[in-house]
There are 4 protein chains.
Amino acid sequence: MNSFGQIYRLTTFGESHGIAIGGIIDGVPAGVCLDLEALQQELNRRRPGQSAMTTQRREADIVELLSGIMDGVTTGTPIGFIIRNSDQHSNDYEEMRHKYRPSHADYTYDVKYGVRDHRGGGRSSARETTTRIVAGGIAKQLLAKYGIKIWAYTSAIGETDTPSDYHNYSAEATEQSTVRCPDPIISARMEQAITEAKSEGDTLGGTVTCIINGCPAGLGEPVYGKLQAALAAAMMSINAAKSFEYGMGSEGCRRKGSEVADQMRADDGKTIFMTNNSGGIQGGISNGEDIYFKVGFKPVATLMKKLLTITDSGDNTTIEARGRHDACVVPRAVPVVEAMAAMVILDYLLLNRTARL
Amino acid sequence: MNSFGQIYRLTTFGESHGIAIGGIIDGVPAGVCLDLEALQQELNRRRPGQSAMTTQRREADIVELLSGIMDGVTTGTPIGFIIRNSDQHSNDYEEMRHKYRPSHADYTYDVKYGVRDHRGGGRSSARETTTRIVAGGIAKQLLAKYGIKIWAYTSAIGETDTPSDYHNYSAEATEQSTVRCPDPIISARMEQAITEAKSEGDTLGGTVTCIINGCPAGLGEPVYGKLQAALAAAMMSINAAKSFEYGMGSEGCRRKGSEVADQMRADDGKTIFMTNNSGGIQGGISNGEDIYFKVGFKPVATLMKKLLTITDSGDNTTIEARGRHDACVVPRAVPVVEAMAAMVILDYLLLNRTARL
Amino acid sequence: MNSFGQIYRLTTFGESHGIAIGGIIDGVPAGVCLDLEALQQELNRRRPGQSAMTTQRREADIVELLSGIMDGVTTGTPIGFIIRNSDQHSNDYEEMRHKYRPSHADYTYDVKYGVRDHRGGGRSSARETTTRIVAGGIAKQLLAKYGIKIWAYTSAIGETDTPSDYHNYSAEATEQSTVRCPDPIISARMEQAITEAKSEGDTLGGTVTCIINGCPAGLGEPVYGKLQAALAAAMMSINAAKSFEYGMGSEGCRRKGSEVADQMRADDGKTIFMTNNSGGIQGGISNGEDIYFKVGFKPVATLMKKLLTITDSGDNTTIEARGRHDACVVPRAVPVVEAMAAMVILDYLLLNRTARL
Amino acid sequence: MNSFGQIYRLTTFGESHGIAIGGIIDGVPAGVCLDLEALQQELNRRRPGQSAMTTQRREADIVELLSGIMDGVTTGTPIGFIIRNSDQHSNDYEEMRHKYRPSHADYTYDVKYGVRDHRGGGRSSARETTTRIVAGGIAKQLLAKYGIKIWAYTSAIGETDTPSDYHNYSAEATEQSTVRCPDPIISARMEQAITEAKSEGDTLGGTVTCIINGCPAGLGEPVYGKLQAALAAAMMSINAAKSFEYGMGSEGCRRKGSEVADQMRADDGKTIFMTNNSGGIQGGISNGEDIYFKVGFKPVATLMKKLLTITDSGDNTTIEARGRHDACVVPRAVPVVEAMAAMVILDYLLLNRTARL
């Protein structure tokens with residue numbers, strides 16, 4: 001389905017090359033003054049054409065808010081919005097009308113629906129994520145009023161990893177890097193790797209690490225609604241995501257219980273966790289420490305190389321991408337990861353108000 | 001919340017040391033003959049005390065089905081069931097009344113609800129997963145009628161990994177291993193690792209790999225309801241799960257697009273995927289290939305060693321587990337992973353019936 | 001589906017003649033001390049065999065609470081419960097195995113599911129409403145802590161109506177009447193009407209009026225979740241309900257706008273509504289006045305008279321009820337109406353906590 | 001919340017005097033050819049300014065479909081749409097900024113949200129129902145492919161009632177009446193009554209009767225999702241609705257069981273219901289007969305007369321409507337009732353596909 005969240009709930013529509021994409025945000029608490037310019041800035045962060053690293057398509061990505069706000073303040077009614085698709089070169093996609101792009105959604109949409117909008121991937125296009133940025137951007141502003149800050153960065157591109165953990169990095173340093181890697185040396189290497197892949201007509205994947213700072217203890221709904229389950233679903237719903245891990249993650253699963261238990265101390269009435277291998281979540285509920293997690297994105301299969309594929313009539317053929325495409329989508333996935341995290345945390349914050357009488 | 005699924009929907013209740021745990025399965029299609037003995041067998045697979053490897057608590061875990069079935073056939077009305085808690089040594093848990101077990105849910109439940117059932121972890125106990133086995137076991141039987149088979153195995157314990165991929169293993173071989181590892185040599189090493197950890201009062205984590213075979217193409221609901229998002233949420237809702245990856249997973253995120261694109265061929269009217277790095281899901285929708293994924297479980301923090309912690313009055317103290325506890329929960333997580341996967345696939349199979357008029 | 005409510009959410013199972021019926025109440029706020037004896041009293045109010053007016057089946061209807069409560073206090077985890085079916089004369093229902101009772105659910109269940117539990121109506125039996133009493137009874141206790149009181153009474157049986165409106169009646173007077181009519185003269189006439197119908201092997205319907213007193217302003221979720229829409233759905237989900245009207249109801253629809261507008265006055269900082277034709281709800285949101293509504297129940301078609309019907313093989317036949325059946329279900333519907341109202345109000349009270357940041 | 005339906009699901013946004021209102025229809029089955037002109041015709045039926053009877057506001061009400069359709073065929077992805085608010089005389093509403101209109105949503109919105117869009121009622125305006133017409137209009141087209149036809153008519157205005165039941169009327173005759181009453185004599189009387197009320201600055205209410213013809217047996221989800229419960233919620237969510245009754249309705253509740261039981265006959269393998277007091281629904285599930293129900297609408301409180309009210313500062317004042325307002329909204333409610341019914345039936349039709357394996 002095309003809705004996300006329970007209380008703070010986003011529903012979206014739109015194909016890559018239709019008139020517009022957009023969405024409705026329901027459950028927005030009333031009485032909040034929104035910074036609409038900051039919201040547009042979030043969209044700009046995701047926008048293609050920001051640097052030599054990303055696709056040169058010029059999508060203006062201007063959000064038009066149609067309801068739910070009066071004199072800049074939320075009214076409690078749903079916020080409807082659209083983002084026009086300004087740059088529709090539908091003809092560029094004529095080849096895709098009958099050919100299935102390998103490792104894309106073309107074949108599966110056809111099997112499921114018997115019909116598909118082939119232009120630019122239609123509904124399966126990553127362009128859909130702009131609507132997430134809008135709802136996540138508003139969520140971020142609401143969370144900021146509670147002192148909750150969410151930021152993410154590129155922690156790996158291909159085989160190039162950041163050597164330190166997030167404590168050594170910052171959101172500010174991240175935004176100064178073309179590839180959104182806060183480590184300047186690694187950032188340069190990543191850029192080079194992308195440039196090389198691009199010159200070969202190839203693509204690279206990578207990982208995004210996200211940190212939620214200032215989240216109060218108590219958020220999360222056992223049993224099936226554990227906070228990590230909601231975050232995992234949110235992240236795995238992003239195009240090209242292949243893996244999710246939180247806290248010590250898969251590496252921690254190789255170690256002994258005694259090495260990773262987060263022992264506790266009381267200090268002057270304050271609860272101290274001596275480590276945070278739990279990643280800020282225990283038993284599915286936040287414990288007040290930083291929540292952090294990592295999402296792996298595959299190298300997308302839109303290559304400037306010939307790939308074997310078939311047509312929708314079942315004939316063998318080849319396909320080769322043309323035009324403007326990212327050689328690495330990971331830097332642009334960073335704000336999407338933040339947006340999804342923000343929606344989850346706000347949703348659970350609101351839900352948690354019903355936990356006690 | 002305590003419900004899982006949209007059409008085929010499980011809702012559960014119950015604490016580790018209450019009278020009973022149980023659940024209600026709604027949306028069970030009518031007219032299906034169930035094998036109730038096979039269902040009980042699924043529960044036996046999860047039951048503690050199966051081997052020296054697992055906790056010696058003797059939980060009978062007998063499921064009592066209270067409704068929704070007549071003469072062995074589902075009637076379309078909800079199936080209510082209970083599993084009595086036969087082995088309630090509540091006194092064993094007196095120490096836990098005021099002490100928080102590190103890396104458990106004790107602290108977070110108290111912060112969230114202001115009250116908690118401390119006996120054996122209460123609602124956060126892994127005992128809750130027995131209800132998943134019931135609903136998953138019924139789902140498995142329904143899926144079998146469509147030729148869909150789901151099986152999982154232990155692919156790593158601590159630092160001991162299976163060297164091959166799932167094509168070299170089988171469900172049958174898995175069940176012959178005490179630790180549910182289908183590779184006999186690795187299985188023996190894993191047993192040894194667990195025995196060693198146990199002798200040190202320590203615990204080990206690991207990974208479970210799950211395969212869904214025979215799943216038709218077309219299951220999955222873009223955008224937020226991608227099949228991998230539903231599977232990720234299902235898996236990350238299991239106690240102690242820390243990571244989820246599907247298809248080529250996080251390893252594949254390090255490679256180039258040209259290396260991992262699943263090229264296609266048509267052969268005699270049949271669609272052939274030359275590789276399956278996608279893990280049977282493209283654009284959030286199954287493509288007819290095997291769906292496979294891996295779940296990482298942390299080493300649980302119930303140690304026979306002193307750990308630093310605090311009381312619910314904010315005093316420093318230490319805690320040390322006593323009694324019967326698994327040194328490694330991974331083998332018993334195998335049927336839980338299968339059960340959750342079965343529920344997801346059945347739910348999406350039913351949902352998919354509404355995709356076309 | 002077999003769930004009701006969004007935050008405070010009841011899910012139920014059970015057939016009339018199975019082992020037990022029961023349910024799970026999710027979303028119960030933590031930290032509330034429940035009066036379990038008062039809860040059982042609510043069940044006793046619905047129980048058959050209370051007087052000569054109602055069926056002489058002796059159903060003990062003892063609720064067994066299995067989870068979610070510790071030392072009498074809610075813990076925030078779901079409350080699972082069962083009510084055993086103690087009086088299973090399944091053989092009484094052998095005739096119903098193949099005959100469809102007119103105006104019952106027998107035919108439609110068979111068409112929908114291809115199979116049905118014919119004993120006593122199976123899932124479609126009014127016995128199912130006992131589970132609503134449990135969840136509604138707990139909701140009532142929670143609402144009482146906010147000063148919200150819900151009560152209902154029989155306002156008509158057949159052609160016998162109460163002449164006054166609810167302001168002249170009370171919950172106390174209601175409970176002193178065998179037919180739950182707070183007007184003693186009308187109550188006697190109703191009893192007589194029922195006795196007469198019974199002697200003819202016939203049945204009577206009637207109406208139940210319900211009042212929610214002390215409900216704070218602000219509950220209700222525009223647009224589709226208007227408070228009256230939720231109440232209507234709740235009431236129309238009760239067996240035999242045929243109509244719902246709130247406030248001035250259908251009668252008010254015949255009048256002029258100037259006659260029914262609820263004009264307002266301010267008095268010493270307090271908002272005064274000069275009338276309450278709106279029935280305490282305006283624009284789908286409570287305004288702080290009494291909420292009141294009326295539910296019509298049909299005369300059930302379980303007659304001690306021969307009725308024409310068919311068998312499940314499509315043969316013509318007749319059917320005649322035997323055994324113990326209510327000649328009028330309206331008095332026993334009174335606590336069910338209260339229970340459903342209580343669940344709706346509590347659910348919306350909790351939801352409303354998310355309306356503002 | 002601002003969503004309606006489970007599978008076929010409408011989510012809407014928009015205030016009366018914002019830039020646009022609109023919605024997203026999720027769960028639209030793929031592969032259906034839509035008649036977009038017929039869809040616009042449905043909107044025109046609701047539009048104000050159709051006759052002397054209705055408000056002279058000229059709202060163009062042109063629907064713009066933004067997604068989910070390709071070459072006129074549904075693609076299975078959500079249909080996003082907007083309807084611009086072309087006639088925004090916001091200044092007309094300046095008086096309403098601080099005064100509460102009696103029996104409207106002004107006061108309750110302020111209490112709930114602490115803020116409201118006062119212009120034309122904002123979100124609580126009946127203008128919101130245009131979005132229902134769009135989703136209902138598409139649903140109608142889908143249902144038509146199954147031979148299901150839905151139509152409604154004005155069955156009462158004020159104290160003027162139609163004397164016959166729906167069997168004597170038709171959708172065609174309905175559309176020839178300015179007040180949508182298919183009985184020409186009564187139609188003329190209704191027009192006169194409205195004209196009189198209007199000349200007095202007053203308003204009238206009435207009832208709408210709706211018929212669903214050709215609905216297959218088997219739709220409806222016991223227990224809480226009974227078909228009549230869904231219809232009741234749908235209808236009571238429409239502005240100004242005060243009552244709902246189906247089949248023999250509240251009148252039938254006054255009669256004896258033997259008078260209203262729908263006896264059955266088998267005729268040549270066909271099931272015959274000798275009467276249809278059940279209104280096509282038994283046990284919450286459709287039985288294949290006509291489904292019919294009646295909705296009562298109050299006379300709206302937008303009067304050209306002085307009414308006592310208060311300001312949002314708690315001061316006493318008076319208010320009197322100005323400008324263009326319907327003296328009777330019932331004729332324009334007819335297509336809204338049809339739209340809501342169509343959405344419910346389509347939703348349940350799709351849901352019912354999961355009832356059996």
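Each chain gets a letter, A, B and so on, in the order its sequence line appears, and its residues count up from 1. Note that these values count all heavy atoms, side chains included, but never hydrogens, waters or copies made by symmetry.
Ranking D:Gly121, D:Pro216, D:Ala261 against chain C, the residue ahead of the rest is D:Ala261, based on heavy-atom pairs under 4.5 Å. Top candidate by heavy-atom pairs under 4.5 Å with chain D, chosen from C:Gly201, C:Ala233, C:Gly252, is C:Ala233. Most heavy-atom pairs under 4.5 Å with chain C: of the set D:Lys256, D:Gln228, D:Glu159, this distinction falls to D:Lys256. The choice from D:Ala105, D:Gly314, D:Gly205, D:Ser237 that makes the most heavy-atom pairs within less than 4.5 Å of chain C is D:Ser237. With respect to chain C, the highest number of heavy-atom pairs below 4.5 Å among D:Gly296, D:Pro102, D:Ser124, D:Ala229 belongs to D:Ala229. Taking chain C as the reference chain and counting heavy-atom pairs below 4.5 Å, the highest number among D:Gly247, D:Ala217, D:Cys253, D:Ser243 is found for D:Cys253. Looking only at heavy-atom pairs under 4.5 Å with chain C, the residue among D:Ala240, D:Ala301, D:Ser278 that has the most is D:Ser278. The candidate with the highest count of non-hydrogen atom pairs below 4.5 Å against chain D, out of C:Lys294, C:Glu128, C:Lys305, is C:Glu128.
Inspection of the C:Tyr224 and D:Thr12 side chains reveals an N or O donor paired with an N or O acceptor under 3.5 Å. Side-chain atoms of C:Tyr100 and D:Thr271 form no donor-acceptor pair, as typed in the model, at a separation below 3.5 Å. One side chain, C:Asp202 or D:Ser258, offers a donor N or O that lies under 3.5 Å from an acceptor on the other.
Both the backbone and the side chain of D:Ala355 come within less than 4.5 Å of a heavy atom of chain C. Proximity to chain C is absent for every atom of D:Ser313, based on heavy atoms less than 4.5 angstrom apart. If you measure heavy-atom distances from D:Leu303 to chain C, the contacts under 4.5 Å come from the side chain alone. When heavy atoms are compared at a cutoff of 4.5 Å, D:Ser125 does not approach chain C at all. Both the backbone and the side chain of D:Val260 come within less than 4.5 Å of a heavy atom in chain C. Within the 4.5 angstrom heavy-atom criterion, only side-chain atoms of C:Thr131, from C-beta onward, approach chain D. Of the atoms belonging to D:Asn277, it is backbone heavy atoms, and not side-chain ones, that fall under 4.5 Å from chain C. Heavy atoms closer than 4.5 Å to chain C are found in the backbone of D:Ser3, but not in its side chain. Residue D:Thr275 does not touch chain C at all, counting heavy-atom pairs closer than 4.5 Å.
By the 4.5 Å heavy-atom criterion applied to side chains, C:Ile238 and D:Lys226 are not counted as neighbours. Within the 4.5 Å cutoff, no side-chain heavy atoms of C:Leu231 are placed close to those of D:Met236. D:Arg254 is not listed as a side-chain neighbour of C:Leu204, based on a closest heavy-atom distance of 4.5 Å or more. Looking only at side-chain heavy atoms (C-beta outward), D:Phe297 and C:Ser250 stay at 4.5 Å or farther from each other. Side-chain contact check for C:Val223 versus D:Arg123: some heavy-atom pair is nearer than 4.5 Å. The shortest side-chain heavy-atom distance between D:Tyr246 and C:Lys242 falls under the 4.5 Å cut-off.
Rounding to the nearest 0.5 Å places CG of C:Leu351 at 5.5 Å from CE of D:Met1. With rounding to the nearest 0.5 Å, the separation of CD in D:Gln263 from OG1 in C:Thr318 is 10.0 Å. Distance check, rounded to the nearest 0.5 Å: CG of D:Asn287 to CG of C:Asp106 gives 12.5 Å. With rounding to the nearest 0.5 angstrom, the NZ atom of C:Lys298 is 6.0 Å from the CE atom of D:Met248. One distance of note links CD1 of C:Ile272 with CG of D:Asn316; it measures 9.5 Å at 0.5 Å rounding. The CE atom of C:Met274 sits 10.0 Å away from the CG atom of D:Leu307 when rounded to the nearest 0.5 Å.
Judged by distance alone, the side chain of D:Ser103 and the main-chain N or O of C:Asp262 form a donor-acceptor pair under 3.5 Å. Judged purely by atom type and a 3.5 angstrom limit, D:Thr108 uses its side chain to pair as donor or acceptor with the backbone of C:Gln282. Looking at D:Arg265, its side chain does come within 3.5 Å of a backbone N or O of C:Thr309 through a donor-acceptor pair.
Ring centroid separation for the pair D:Tyr107 and C:Phe273 comes in under the 6.0 Å cut-off.
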Stepwise salt bridge (Lys or Arg N to Asp or Glu O under 4.0 Å) test for D:Lys112 and C:Glu221
CA-CA 10 Å; D:Lys112 185 178 187 75; C:Glu221 296 294 324; 3.3 Å; yes
